[in-house]
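Step one of this worksheet: look at the structure below.
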Amino acid sequence: MTTTLARRYAVLLACAGLGLATPAFSQDKNVKIGVLNDMSGLYADIGGPNSVVAANMAVEDSGLLAKGWKIEVISGDHQNKPDVGVNIARQWIDNEKVDMITDTPNSGVALAVSNLAKEKNSIVLNSGAATADLTGKACNANTISYTFDTYMLANGTGKALTKAGGDSWFFLTADYAFGHALERDTSAVVTANGGKVLGGVKHPLNTADFSSFLLQAQASKAKIIGLANAGGDTTNAIKQASEFGITAGGQKLAALLLFVNDVHALGLKIAQGLTFTESFYWDMNDQTRAWSKKFQARSPKGSMPSMTVAGVYAGVLHYLKALDAMGGNPHDGAKVVAKMKEIPTDDPLFGKGPLRIDGRRIIPAYLFEVKKPEESKYPWDYYKLIATISPEDAAKPLEASECPLVKK
(Lines give C-alpha, C1' and ligand atoms only; values in the text may rest on other atoms or scores of the structure.)
Protein backbone atom coordinates (compact mmCIF):
# COMPACT_ATOMS: atom_id res chain seq x y z
CA MET A 1 0.00 0.00 0.00
CA THR A 2 2.78 2.39 1.00
CA THR A 3 4.71 1.49 -2.14
CA THR A 4 1.65 2.13 -4.33
CA LEU A 5 1.00 5.51 -2.72
CA ALA A 6 4.66 6.42 -3.11
CA ARG A 7 4.57 5.51 -6.80
CA ARG A 8 1.43 7.56 -7.36
CA TYR A 9 2.95 10.51 -5.53
CA ALA A 10 6.11 10.23 -7.65
CA VAL A 11 4.02 10.16 -10.84
CA LEU A 12 2.06 13.22 -9.73
CA LEU A 13 5.30 15.09 -8.98
CA ALA A 14 6.71 14.13 -12.38
CA CYS A 15 3.53 15.30 -14.16
CA ALA A 16 3.58 18.53 -12.19
CA GLY A 17 7.21 19.05 -13.15
CA LEU A 18 6.41 18.48 -16.80
CA GLY A 19 3.47 20.82 -16.55
CA LEU A 20 5.72 23.52 -15.18
CA ALA A 21 8.51 22.88 -17.66
CA THR A 22 6.43 22.78 -20.84
CA PRO A 23 4.97 26.28 -20.70
CA ALA A 24 7.92 27.82 -18.86
CA PHE A 25 8.88 30.13 -21.70
CA SER A 26 5.25 31.06 -22.27
CA GLN A 27 5.23 32.67 -18.84
CA ASP A 28 8.20 34.86 -19.80
CA LYS A 29 6.79 38.10 -21.14
CA ASN A 30 9.95 40.19 -21.04
CA VAL A 31 11.31 41.58 -24.32
CA LYS A 32 14.28 43.81 -25.04
CA ILE A 33 14.69 45.46 -28.44
CA GLY A 34 17.82 47.25 -29.63
CA VAL A 35 17.65 49.92 -32.36
CA LEU A 36 21.12 49.94 -33.92
CA ASN A 37 21.82 52.64 -36.48
CA ASP A 38 23.62 55.84 -37.40
CA MET A 39 22.49 58.32 -34.74
CA SER A 40 24.70 61.24 -35.69
CA GLY A 41 26.19 60.82 -39.18
CA LEU A 42 25.07 60.93 -42.80
CA TYR A 43 22.21 58.43 -42.30
CA ALA A 44 20.86 59.93 -39.06
CA ASP A 45 17.91 61.74 -40.67
CA ILE A 46 16.61 58.65 -42.48
CA GLY A 47 16.72 56.56 -39.31
CA GLY A 48 18.59 57.65 -36.22
CA PRO A 49 16.36 58.83 -33.34
CA ASN A 50 13.31 58.60 -35.64
CA SER A 51 13.69 54.81 -35.75
CA VAL A 52 13.61 54.71 -31.95
CA VAL A 53 10.33 56.65 -32.03
CA ALA A 54 8.92 54.17 -34.57
CA ALA A 55 9.96 51.15 -32.48
CA ASN A 56 8.30 52.62 -29.39
CA MET A 57 5.13 53.35 -31.37
CA ALA A 58 5.04 49.70 -32.48
CA VAL A 59 5.38 48.55 -28.87
CA GLU A 60 2.46 50.77 -27.85
CA ASP A 61 0.29 49.75 -30.82
CA SER A 62 0.97 46.02 -30.32
CA GLY A 63 -1.37 45.89 -27.33
CA LEU A 64 1.07 43.70 -25.40
CA LEU A 65 1.73 46.22 -22.64
CA ALA A 66 -1.94 46.03 -21.64
CA LYS A 67 -1.55 42.23 -21.48
CA GLY A 68 1.20 42.46 -18.89
CA TRP A 69 4.25 42.27 -21.15
CA LYS A 70 7.36 44.26 -20.24
CA ILE A 71 9.02 45.59 -23.39
CA GLU A 72 12.09 47.82 -23.39
CA VAL A 73 13.59 49.64 -26.37
CA ILE A 74 17.23 50.75 -26.24
CA SER A 75 19.41 52.32 -28.93
CA GLY A 76 23.02 52.49 -30.07
CA ASP A 77 25.09 54.39 -32.64
CA HIS A 78 27.21 52.12 -34.85
CA GLN A 79 28.93 55.14 -36.49
CA ASN A 80 28.81 53.26 -39.82
CA LYS A 81 31.65 51.02 -38.63
CA PRO A 82 31.12 47.22 -38.71
CA ASP A 83 33.45 46.63 -35.76
CA VAL A 84 31.61 49.19 -33.63
CA GLY A 85 28.26 47.73 -34.64
CA VAL A 86 29.30 44.17 -33.80
CA ASN A 87 30.74 45.23 -30.45
CA ILE A 88 27.52 46.97 -29.49
CA ALA A 89 25.44 44.00 -30.66
CA ARG A 90 27.62 41.53 -28.76
CA GLN A 91 27.37 43.59 -25.58
CA TRP A 92 23.60 43.81 -25.99
CA ILE A 93 23.12 40.09 -26.57
CA ASP A 94 25.61 38.78 -24.00
CA ASN A 95 25.21 41.24 -21.15
CA GLU A 96 21.99 43.17 -21.64
CA LYS A 97 19.89 40.25 -22.89
CA VAL A 98 18.61 42.05 -25.99
CA ASP A 99 16.32 39.70 -27.94
CA MET A 100 16.11 41.49 -31.28
CA ILE A 101 18.17 44.15 -33.10
CA THR A 102 16.45 46.32 -35.68
CA ASP A 103 17.12 48.98 -38.33
CA THR A 104 20.89 48.39 -39.05
CA PRO A 105 21.43 50.86 -41.91
CA ASN A 106 24.86 50.42 -43.51
CA SER A 107 25.18 47.10 -45.26
CA GLY A 108 28.66 46.41 -43.91
CA VAL A 109 27.37 46.71 -40.36
CA ALA A 110 24.22 44.70 -41.12
CA LEU A 111 26.13 41.79 -42.66
CA ALA A 112 28.48 41.62 -39.66
CA VAL A 113 25.67 41.84 -37.10
CA SER A 114 23.62 39.26 -39.03
CA ASN A 115 26.51 36.79 -38.70
CA LEU A 116 26.67 37.49 -34.97
CA ALA A 117 22.91 36.95 -34.64
CA LYS A 118 23.28 33.55 -36.28
CA GLU A 119 26.13 32.64 -33.92
CA LYS A 120 24.22 33.80 -30.83
CA ASN A 121 20.76 32.65 -32.01
CA SER A 122 19.46 36.19 -31.73
CA ILE A 123 17.44 38.18 -34.31
CA VAL A 124 18.23 40.93 -36.80
CA LEU A 125 15.19 42.67 -38.22
CA ASN A 126 16.78 44.77 -40.96
CA SER A 127 15.02 47.81 -42.32
CA GLY A 128 17.87 50.18 -43.16
CA ALA A 129 20.53 48.09 -44.92
CA ALA A 130 19.99 47.69 -48.65
CA THR A 131 22.25 44.84 -49.72
CA ALA A 132 20.26 41.99 -51.24
CA ASP A 133 22.96 39.61 -49.98
CA LEU A 134 21.19 39.58 -46.58
CA THR A 135 18.48 37.45 -48.20
CA GLY A 136 20.88 35.97 -50.76
CA LYS A 137 24.25 34.35 -50.28
CA ALA A 138 24.58 35.73 -46.70
CA CYS A 139 21.07 34.83 -45.54
CA ASN A 140 20.41 32.86 -42.36
CA ALA A 141 17.51 31.70 -40.20
CA ASN A 142 17.92 34.62 -37.78
CA THR A 143 17.70 37.60 -40.14
CA ILE A 144 14.80 39.30 -41.90
CA SER A 145 14.90 42.15 -44.43
CA TYR A 146 11.68 44.05 -44.19
CA THR A 147 11.60 47.10 -46.41
CA PHE A 148 13.79 47.22 -49.52
CA ASP A 149 16.99 45.92 -51.07
CA THR A 150 19.35 46.61 -53.94
CA TYR A 151 17.47 44.20 -56.22
CA MET A 152 14.25 46.20 -55.72
CA LEU A 153 16.00 49.52 -56.31
CA ALA A 154 17.76 48.29 -59.45
CA ASN A 155 14.65 46.73 -60.94
CA GLY A 156 12.64 49.85 -60.24
CA THR A 157 14.76 52.84 -61.14
CA GLY A 158 17.37 51.09 -63.29
CA LYS A 159 14.88 49.31 -65.51
CA ALA A 160 12.54 52.30 -65.87
CA LEU A 161 15.23 54.78 -66.89
CA THR A 162 16.93 52.37 -69.29
CA LYS A 163 13.65 51.53 -71.01
CA ALA A 164 12.84 55.25 -71.24
CA GLY A 165 15.97 55.82 -73.35
CA GLY A 166 18.63 56.21 -70.67
CA ASP A 167 20.71 53.45 -72.20
CA SER A 168 24.20 54.56 -71.14
CA TRP A 169 25.24 54.74 -67.49
CA PHE A 170 28.10 55.94 -65.30
CA PHE A 171 28.09 55.18 -61.56
CA LEU A 172 29.12 57.21 -58.53
CA THR A 173 29.36 54.51 -55.89
CA ALA A 174 29.83 54.57 -52.13
CA ASP A 175 32.88 52.40 -51.52
CA TYR A 176 31.49 49.72 -49.20
CA ALA A 177 29.14 46.72 -49.29
CA PHE A 178 25.93 48.70 -49.99
CA GLY A 179 27.32 50.75 -52.88
CA HIS A 180 29.02 47.74 -54.45
CA ALA A 181 25.80 45.68 -54.29
CA LEU A 182 23.68 48.52 -55.69
CA GLU A 183 26.03 49.16 -58.61
CA ARG A 184 26.25 45.41 -59.30
CA ASP A 185 22.49 44.87 -59.30
CA THR A 186 21.71 48.01 -61.30
CA SER A 187 24.41 47.23 -63.89
CA ALA A 188 22.85 43.80 -64.41
CA VAL A 189 19.42 45.36 -65.01
CA VAL A 190 20.79 48.03 -67.36
CA THR A 191 22.61 45.50 -69.56
CA ALA A 192 19.67 43.07 -69.48
CA ASN A 193 17.48 45.84 -70.90
CA GLY A 194 19.83 46.78 -73.73
CA GLY A 195 21.83 49.50 -72.02
CA LYS A 196 25.58 49.92 -71.50
CA VAL A 197 27.65 50.80 -68.46
CA LEU A 198 30.35 53.20 -69.60
CA GLY A 199 32.22 53.29 -66.32
CA GLY A 200 32.12 54.33 -62.71
CA VAL A 201 34.04 55.74 -59.80
CA LYS A 202 33.98 54.79 -56.12
CA HIS A 203 33.99 57.44 -53.40
CA PRO A 204 34.61 57.17 -49.65
CA LEU A 205 31.63 57.13 -47.31
CA ASN A 206 30.54 60.57 -46.10
CA THR A 207 32.22 62.55 -48.86
CA ALA A 208 32.00 66.34 -48.74
CA ASP A 209 33.53 67.10 -52.15
CA PHE A 210 32.18 65.28 -55.21
CA SER A 211 33.78 67.58 -57.79
CA SER A 212 36.39 65.16 -59.16
CA PHE A 213 33.87 62.29 -59.30
CA LEU A 214 31.26 64.43 -61.05
CA LEU A 215 33.79 65.65 -63.61
CA GLN A 216 34.56 62.03 -64.51
CA ALA A 217 30.85 61.31 -64.84
CA GLN A 218 30.39 64.39 -67.00
CA ALA A 219 33.31 63.43 -69.23
CA SER A 220 31.86 59.94 -69.76
CA LYS A 221 28.95 61.47 -71.73
CA ALA A 222 26.68 58.83 -70.18
CA LYS A 223 22.99 59.70 -70.40
CA ILE A 224 22.42 58.55 -66.81
CA ILE A 225 24.65 59.17 -63.80
CA GLY A 226 23.67 56.52 -61.28
CA LEU A 227 24.15 57.53 -57.65
CA ALA A 228 24.82 54.26 -55.83
CA ASN A 229 24.95 55.94 -52.44
CA ALA A 230 22.52 57.24 -49.82
CA GLY A 231 21.74 59.90 -47.24
CA GLY A 232 24.17 62.80 -47.02
CA ASP A 233 26.31 61.40 -49.84
CA THR A 234 23.33 61.46 -52.21
CA THR A 235 22.22 64.97 -51.27
CA ASN A 236 25.78 66.32 -51.54
CA ALA A 237 26.24 64.72 -54.98
CA ILE A 238 22.92 66.12 -56.23
CA LYS A 239 23.62 69.65 -54.93
CA GLN A 240 27.08 69.72 -56.49
CA ALA A 241 25.84 68.25 -59.77
CA SER A 242 23.36 71.12 -59.93
CA GLU A 243 26.17 73.64 -59.28
CA PHE A 244 28.24 72.03 -62.06
CA GLY A 245 25.33 72.34 -64.49
CA ILE A 246 25.40 68.61 -65.20
CA THR A 247 21.64 68.13 -65.53
CA ALA A 248 21.34 71.42 -67.43
CA GLY A 249 23.84 69.91 -69.88
CA GLY A 250 21.49 67.03 -70.66
CA GLN A 251 22.69 64.24 -68.37
CA LYS A 252 20.15 62.83 -65.91
CA LEU A 253 20.82 61.86 -62.31
CA ALA A 254 19.42 58.56 -61.05
CA ALA A 255 19.13 58.60 -57.27
CA LEU A 256 19.14 54.85 -56.78
CA LEU A 257 18.27 55.19 -53.09
CA LEU A 258 16.44 58.36 -52.11
CA PHE A 259 14.35 59.11 -49.02
CA VAL A 260 11.73 61.75 -48.34
CA ASN A 261 14.10 63.33 -45.81
CA ASP A 262 16.70 63.75 -48.57
CA VAL A 263 14.17 65.56 -50.77
CA HIS A 264 13.23 67.77 -47.81
CA ALA A 265 16.88 68.66 -47.25
CA LEU A 266 17.50 69.39 -50.94
CA GLY A 267 14.32 71.36 -51.58
CA LEU A 268 12.10 70.88 -54.63
CA LYS A 269 13.97 73.41 -56.74
CA ILE A 270 17.06 71.16 -56.77
CA ALA A 271 15.38 67.75 -56.37
CA GLN A 272 12.58 68.19 -58.94
CA GLY A 273 12.48 65.52 -61.64
CA LEU A 274 14.52 62.91 -59.77
CA THR A 275 13.22 59.39 -60.39
CA PHE A 276 13.62 56.75 -57.68
CA THR A 277 12.05 53.67 -56.09
CA GLU A 278 10.60 53.23 -52.60
CA SER A 279 8.25 50.80 -50.88
CA PHE A 280 6.66 53.46 -48.63
CA TYR A 281 5.55 57.08 -48.89
CA TRP A 282 3.78 58.84 -46.05
CA ASP A 283 1.11 60.34 -48.35
CA MET A 284 0.07 57.10 -50.10
CA ASN A 285 -3.35 56.61 -48.47
CA ASP A 286 -5.48 57.46 -45.42
CA GLN A 287 -3.75 54.89 -43.21
CA THR A 288 -0.20 56.00 -44.03
CA ARG A 289 -1.20 59.65 -43.60
CA ALA A 290 -2.84 59.08 -40.21
CA TRP A 291 0.13 57.13 -38.83
CA SER A 292 2.70 59.52 -40.30
CA LYS A 293 1.08 62.57 -38.72
CA LYS A 294 1.16 60.83 -35.33
CA PHE A 295 4.79 59.99 -35.95
CA GLN A 296 5.65 63.55 -37.03
CA ALA A 297 4.30 64.90 -33.76
CA ARG A 298 6.85 62.73 -31.91
CA SER A 299 9.79 63.06 -34.30
CA PRO A 300 12.68 65.02 -32.73
CA LYS A 301 12.88 67.23 -35.83
CA GLY A 302 9.19 67.13 -36.75
CA SER A 303 9.92 65.15 -39.92
CA MET A 304 7.80 62.71 -41.85
CA PRO A 305 8.89 59.05 -41.68
CA SER A 306 11.31 57.61 -44.19
CA MET A 307 10.86 54.18 -45.74
CA THR A 308 13.42 52.87 -43.25
CA VAL A 309 11.52 54.24 -40.25
CA ALA A 310 8.25 52.81 -41.56
CA GLY A 311 9.94 49.42 -41.89
CA VAL A 312 11.15 49.55 -38.28
CA TYR A 313 7.58 50.17 -37.09
CA ALA A 314 6.03 47.43 -39.23
CA GLY A 315 8.79 44.94 -38.46
CA VAL A 316 8.69 45.43 -34.69
CA LEU A 317 4.90 45.19 -34.78
CA HIS A 318 5.08 41.84 -36.60
CA TYR A 319 7.81 40.56 -34.27
CA LEU A 320 5.62 41.30 -31.24
CA LYS A 321 2.64 39.72 -32.96
CA ALA A 322 4.65 36.51 -33.34
CA LEU A 323 5.68 36.54 -29.67
CA ASP A 324 2.05 37.04 -28.65
CA ALA A 325 1.03 34.07 -30.80
CA MET A 326 3.70 31.98 -29.07
CA GLY A 327 2.28 32.91 -25.68
CA GLY A 328 5.58 34.30 -24.44
CA ASN A 329 9.21 34.93 -25.31
CA PRO A 330 11.28 31.76 -25.80
CA HIS A 331 14.48 33.84 -26.21
CA ASP A 332 15.23 31.62 -29.21
CA GLY A 333 15.92 33.71 -32.30
CA ALA A 334 15.48 31.06 -34.98
CA LYS A 335 12.25 29.82 -33.40
CA VAL A 336 10.75 33.33 -33.29
CA VAL A 337 11.81 34.12 -36.86
CA ALA A 338 10.19 30.85 -38.01
CA LYS A 339 6.97 31.96 -36.31
CA MET A 340 7.21 35.37 -37.99
CA LYS A 341 7.44 33.64 -41.37
CA GLU A 342 4.47 31.43 -40.50
CA ILE A 343 2.15 34.36 -39.67
CA PRO A 344 1.08 36.63 -42.58
CA THR A 345 2.21 40.23 -42.16
CA ASP A 346 -0.46 42.92 -42.00
CA ASP A 347 0.12 46.50 -40.88
CA PRO A 348 -1.21 49.98 -41.73
CA LEU A 349 1.92 51.10 -43.56
CA PHE A 350 2.67 48.26 -46.00
CA GLY A 351 -0.50 46.17 -45.83
CA LYS A 352 -0.42 42.40 -46.19
CA GLY A 353 2.40 40.29 -47.52
CA PRO A 354 4.26 37.08 -46.76
CA LEU A 355 7.70 36.67 -45.24
CA ARG A 356 9.57 34.28 -47.50
CA ILE A 357 11.85 31.49 -46.36
CA ASP A 358 14.88 33.65 -47.33
CA GLY A 359 13.75 36.34 -44.89
CA ARG A 360 12.52 38.82 -47.52
CA ARG A 361 9.19 40.50 -46.92
CA ILE A 362 7.20 40.51 -50.16
CA ILE A 363 5.54 43.88 -50.78
CA PRO A 364 5.00 46.18 -53.77
CA ALA A 365 7.45 48.93 -54.68
CA TYR A 366 6.70 52.26 -56.30
CA LEU A 367 8.49 54.33 -58.91
CA PHE A 368 8.22 57.99 -57.92
CA GLU A 369 9.28 61.32 -59.38
CA VAL A 370 9.96 64.42 -57.30
CA LYS A 371 7.40 67.14 -57.97
CA LYS A 372 8.17 70.59 -59.30
CA PRO A 373 7.85 73.35 -56.68
CA GLU A 374 4.59 74.57 -58.20
CA GLU A 375 3.08 71.05 -58.04
CA SER A 376 3.49 70.76 -54.26
CA LYS A 377 0.29 71.75 -52.43
CA TYR A 378 1.24 71.32 -48.75
CA PRO A 379 4.28 70.57 -46.52
CA TRP A 380 6.09 67.31 -47.40
CA ASP A 381 4.00 66.94 -50.60
CA TYR A 382 7.00 65.85 -52.67
CA TYR A 383 6.26 62.73 -54.73
CA LYS A 384 4.15 61.81 -57.70
CA LEU A 385 3.58 58.15 -58.48
CA ILE A 386 4.88 57.01 -61.89
CA ALA A 387 4.38 53.24 -61.67
CA THR A 388 3.61 50.44 -59.22
CA ILE A 389 5.98 47.47 -59.19
CA SER A 390 4.33 44.19 -58.24
CA PRO A 391 5.59 42.31 -55.17
CA GLU A 392 6.82 39.51 -57.42
CA ASP A 393 8.92 41.92 -59.51
CA ALA A 394 10.21 43.86 -56.52
CA ALA A 395 11.93 40.83 -54.95
CA LYS A 396 14.46 38.47 -56.50
CA PRO A 397 12.73 35.20 -57.50
CA LEU A 398 13.35 32.35 -55.09
CA GLU A 399 14.48 30.09 -57.92
CA ALA A 400 17.34 32.51 -58.57
CA SER A 401 18.21 32.92 -54.89
CA GLU A 402 21.62 32.08 -53.46
CA CYS A 403 20.15 31.79 -49.96
CA PRO A 404 21.28 28.52 -48.26
CA LEU A 405 17.79 28.17 -46.72
CA VAL A 406 16.21 27.80 -50.16
CA LYS A 407 16.24 24.24 -51.47
CA LYS A 408 16.64 24.31 -55.25
Side-chain angles (χ1 to χ4, degrees), residues 46-47 50-51 53-64 100 102-103 125-130 132 134-135 143-149 151-153 155-157 160 257-260 276-296 304-325 336-337 339-368 380-398:
I46 60 178
N50 280 339
S51 290
V53 172
N56 278 305
M57 288 177 70
V59 170
E60 294 160 17
D61 293 348
S62 71
L64 294 192
M100 184 270 280
T102 189
D103 202 3
L125 209 167
N126 167 52
S127 180
L134 282 167
T135 54
T143 299
I144 285 172
S145 282
Y146 219 78
T147 319
F148 66 100
D149 62 19
Y151 182 91
M152 181 196 94
L153 302 172
N155 280 273
T157 311
L257 179 54
L258 194 71
F259 297 92
V260 70
F276 56 97
T277 304
E278 290 204 50
S279 60
F280 171 83
Y281 175 46
W282 76 270
D283 207 10
M284 284 288 288
N285 55 53
D286 289 342
Q287 285 185 300
T288 57
R289 279 188 286 273
W291 184 86
S292 297
K293 286 173 182 176
K294 284 197 296 182
F295 169 85
Q296 185 183 32
M304 282 298 179
S306 68
M307 168 173 60
T308 290
V309 166
V312 169
Y313 172 83
V316 171
L317 198 64
H318 188 64
Y319 165 71
L320 295 175
K321 181 180 176 182
L323 289 180
D324 192 25
V336 176
V337 168
K339 191 68 175 178
M340 291 177 71
K341 292 176 181 177
E342 180 186 313
I343 301 172
T345 65
D346 189 3
D347 62 76
L349 305 188
F350 297 90
K352 299 179 180 179
L355 270 178
R356 286 196 319 202
I357 188 172
D358 60 351
R360 181 73 163 87
R361 189 184 183 189
I362 305 304
I363 47 177
Y366 306 96
L367 188 67
F368 291 112
W380 295 86
D381 175 26
Y382 296 153
Y383 295 1
K384 55 184 175 184
L385 181 64
I386 303 301
T388 298
I389 302 162
S390 72
E392 294 74 25
D393 288 338
K396 190 171 189 176
L398 269 181

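Small disclaimer: the values here were computed from a predicted structure and weren't measured.
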Worksheet item: So, for Ala322 and Met340, which heavy atoms are closest and what is the spacing to 0.1 Å?
Response: CB-CG, 3.6 Å
Discussion item. Tell me whether the rings of Tyr383 and Phe368 are parallel (<30°), tilted (30 to 60°) or perpendicular (>60°).
Written reply: tilted
Worksheet item: Counting distance only, does the side-chain N/O of Thr102 pair as donor-acceptor with the main-chain N or O of Leu125 below 3.5 Å?
Response: yes
Item to complete: Check whether any side-chain heavy atom of Val316 lies under 4.5 Å from a side-chain heavy atom of Met100, and answer yes or no.
Response: yes
Response to the item:
Here the pair of heavy atoms bringing Pro364 nearest to Thr388 is CB-CG2, 4.5 Å
Worksheet entry | Heavy-atom side-chain contact between Thr288 and Tyr281 under 4.5 Å | no
Worksheet entry | Distance, nearest 0.5 Å, that separates CG of Asn126 from CZ of Phe148 | 7.5 Å
Worksheet entry | Smallest separation among heavy atoms of Val260 and Tyr382, with atom names | CG2-CD1, 3.9 Å
Worksheet entry | Donor-acceptor under 3.5 Å (Trp380 side chain, Trp282 main chain) | no
Discussion item. Could you walk me through whether Leu398 and Ile357 satisfy the side-chain contact (heavy atoms from CB on, under 4.5 Å) test, starting with their C-alpha distance in whole Å, then the side-chain angles of each, then the deciding distance to 0.1 Å, before giving a yes or no?
Written reply: CA-CA 9 Å; Leu398 269 181; Ile357 188 172; 4.2 Å; yes
Worksheet item: When rounded to the nearest 0.5 angstrom, what distance separates CD in Gln296 from CG in Asn50?
Response: 10.5 Å
Worksheet item: Do we see a donor-acceptor contact under 3.5 Å between the side chains of Thr147 and Ser127?
Response: yes
Item to complete: Identify which one of Thr345, Ile362, Val337 satisfies the side-chain contact (heavy atoms from CB on, under 4.5 Å) criterion when paired with Leu355.
Response: Thr345
Worksheet item: Is there a donor-acceptor pair under 3.5 Å between the side chain of Asp61 and the backbone N or O of Gly63?
Response: no
Discussion item. With side-chain contact (heavy atoms from CB on, under 4.5 Å) as the criterion, how do Met307 and Leu257 come out once you've worked through the C-alpha distance, each side chain's angles and the decisive distance to 0.1 Å?
Written reply: CA-CA 10 Å; Met307 168 173 60; Leu257 179 54; 4.0 Å; yes
Worksheet item: Once you round to the nearest 0.5 Å, how far does CG of Leu367 lie from CG of Leu385?
Response: 8.0 Å
Worksheet item: Rounded to the nearest 0.5 Å, how far does CG of Leu317 lie from CG of Leu64?
Response: 9.0 Å
Response to the item:
Closest heavy-atom pair, Phe259 versus Ser306, reported as atoms and distance to 0.1 Å, is CD2-CB, 3.9 Å
Discussion item. Taking the six-membered ring for Trp, are Tyr313 and Trp291 closer than 6.0 Å centroid to centroid?
Written reply: yes
Discussion item. One thing to verify: whether Asp347 and Arg361 come together as a salt bridge, which I'm taking to mean a side-chain N less than 4.0 angstrom from a carboxylate O.
Written reply: yes
Item to complete: Using the test salt bridge (Lys or Arg N to Asp or Glu O under 4.0 Å), find all partners of Asp283 that sit at least two apart in sequence or belong to another chain.
Response: Arg289
Worksheet entry | Residues Arg360, Asp358: salt bridge by 4.0 Å N-O rule | no
Worksheet entry | Spacing of NZ belonging to Lys396 relative to CG belonging to Asn155, to within rounding of 0.5 Å | 10.0 Å
Item to complete: Would you name the heavy atoms of Ile343 and Ala325 that are closest together and state the gap between them?
Response: CD1-CB, 3.8 Å
Worksheet entry | Qualifying residues under side-chain hydrogen bond (donor to acceptor under 3.5 Å, both in side chains), relative to Ser292, sequence neighbours excluded | none
Worksheet entry | Nearest non-hydrogen partners of Ser51 and Val312, listed with the distance | O-CG1, 3.6 Å
Worksheet, complete the sentence: Those residues at least two apart in sequence (or on a different chain) that pass side-chain hydrogen bond (donor to acceptor under 3.5 Å, both in side chains) with Asp324 are Lys67
Discussion item. Nearest 0.5 Å, please: how far is CG in Leu320 from CD in Glu60?
Written reply: 11.5 Å
